[in-house]
Amino acid sequence: MIRRRDWLARAGGTGAAVGMLGMGAWPLSARASSAMTRARVIVIGGGIGGTTAARYLRMWSGGRLEVVLIEPQPMFVSCPMSNLVLGDFRRLEELSQPIDRLRQQHGVTWVQDRVRAIDTRHRLVMPERGAPLRYDRLVLSPGIDLAWSAVRGLREAHDEGRVLQAWKAGPETLALRRQIQDLPDDGVMAITIPEAPYRCPPGPYERACVVAAWLQRHRPRAKLLVFDANPDITSKAALFRKVWAEQYPGLIEYRPLHKAIAVDPGRDADGRSTVRFELQDPERVHLLNLLPPMQAGAIAREAGLTGAAGRWCEIDYQTFAAKAAPEVHVIGDAIQVAPAMPKSGHMANAHAKVAAAAVIASLAEWAPDPAPMLTNTCYSHVDGERVIHVASVHRYLPAERTYRVVPGSGGVSDAPSTLEAQYAWHWARTLWADMLG
């Protein structure tokens, strides 16, 4: 095993591998190069985390590693920016990128399939079609699943197309947009928010803004209720509250401590459905966008990577190796997050780079980076033209074996602006290019 100072010398000095190594390949000894050439890393999941990991594993190994990405969908569709589709400010096609770019530009082997099981003991991945695939290291980016059973009647209402979530961008985003556009002139829409943690903390509040912007233009007599299971807005609270009061008075009504527990089947004579809460009185609404609690994707739970709680994957934060299977690195929204670490697209991209660096270090028999760092930026639209942001920097502290926000780093916007809307769009395009090339 190469010692810490030798790893740091290769990385170019102290600090995170991402910043030190830039976009090029790592300098490898003949022994390490031979180990890379013989090794196979499988990446499961073609979202932000998985595609970033696949690209950087190939790039940082100088193309020596065999990297296999397993993802059934031919197109990556970005969840960041997808709320704009609901407000008719962007088209879904603008947020879509071909997965095959990783094969064409970076030599990643793309298996267009789903994974039915992982055998961590024998290091095997079982696709739905074809023979099992052996791996030396596995990077798992399974995203989230919705916990349907937490809200009585929700699974049936969703399957019937009555209550949609659109928390994974794609066809359901378009279906929800059609439902919004079919709202009566004096209709009532509700968005329910689960208890944190959930994917994209500011996402539901941004959704309320862009939907309200559309209603203001096209259904000025409508009303939008925001039922939040949390005691307060979980991200950018002061900014969202100010926007709602100044820009959408009488249109958006925010109600904290409203935990949705049931959806009644069918609709009444007025075309309304009923949503029931743990403590408060039920509400009848024409359109319900109910977001239930979330959990790590099924493949991670079924592989035994979520620990005793069974909801999020427990990891070693220095390397993102699963505590239950050290040869498996779990990234993105599926992990049990460190303090103040959001489940965001930008953070998944950062996870992927630390995990890719750790995989290469392990295969090359180097010590892992002793102090990796992560960054996060999240932009939220308050209408079609103006944006607010939150940003942070997170440092791994070896003594605590977790990440903490660097004091004085990041922060939030002073106010919404059109300039930040330009930044947001360029941020998204840069993120997609970083993932896929």
Salt bridge (Lys or Arg N to Asp or Glu O under 4.0 Å) partners of R101, counting only residues at least two apart: none

Just grab all the ring-ring contact (aromatic ring centres under 6.0 Å, His included) pairs involving residues 179-208, residues at least two apart or on different chains. Y205-F240

Assign the ring pair F320 / Y403 to parallel, tilted or perpendicular, where the plane angle (0 to 90°) is split at 30° and 60°. tilted

Verify, without hydrogens or angle tests, whether T52 (side chain) and I48 (backbone) share a donor-acceptor contact under 3.5 angstrom. yes

Flag, side chain of S96 to backbone of L92, donor-acceptor distance under 3.5 Å: yes

So that I can tick it off, tell me whether E172 and K168 are bridged by a salt bridge, with the cut-off set at under 4.0 angstrom between side-chain N and carboxylate O. no

Salt bridge check: are D316 and R401 linked by an N-O gap of less than 4.0 Å? yes

If you measure from the Lys or Arg side-chain nitrogens to the Asp or Glu carboxylate oxygens, is any gap between K353 and D434 under 4.0 Å? yes

Salt bridge or not between D182 and R178? Use side-chain N to carboxylate O under 4.0 Å. no

R103 NZ/CZ over W110 ring centroid, <6.0 Å and within 45° of normal: no

Is the closest basic N to carboxylate O distance between R121 and D119 below 4.0 Å? no

Could you give the distance from OG1 (T274) to CG (L288), rounded to the nearest 0.5 Å? 10.0 Å

R404 side-chain N/O to Y396 backbone N/O, donor-acceptor pair under 3.5 Å: no

Would R55 count as a cation-pi partner of W60, with NZ or CZ less than 6.0 Å from the six-membered ring centre and within 45° of the ring normal? no

Looking at E94 and R429, is any side-chain nitrogen of the basic one under 4.0 Å from a carboxylate oxygen of the acidic one? no

Pairs of donor and acceptor atoms involving the side chains of residues 328-344, under 3.5 Å and at least two apart or interchain, shall be tabulated with distances.
| from | atom 1 | to | atom 2 | distance (Å) |
| --- | --- | --- | --- | --- |
| H329 | ND1 | T319 | O | 2.9 |
| D333 | OD2 | R199 | NE | 2.6 |
| D333 | OD2 | R199 | NH2 | 3.2 |
| K343 | NZ | D333 | O | 2.7 |
| K343 | NZ | I335 | O | 2.5 |
| S344 | OG | M347 | N | 3.0 |
| S344 | OG | N376 | OD1 | 2.5 |

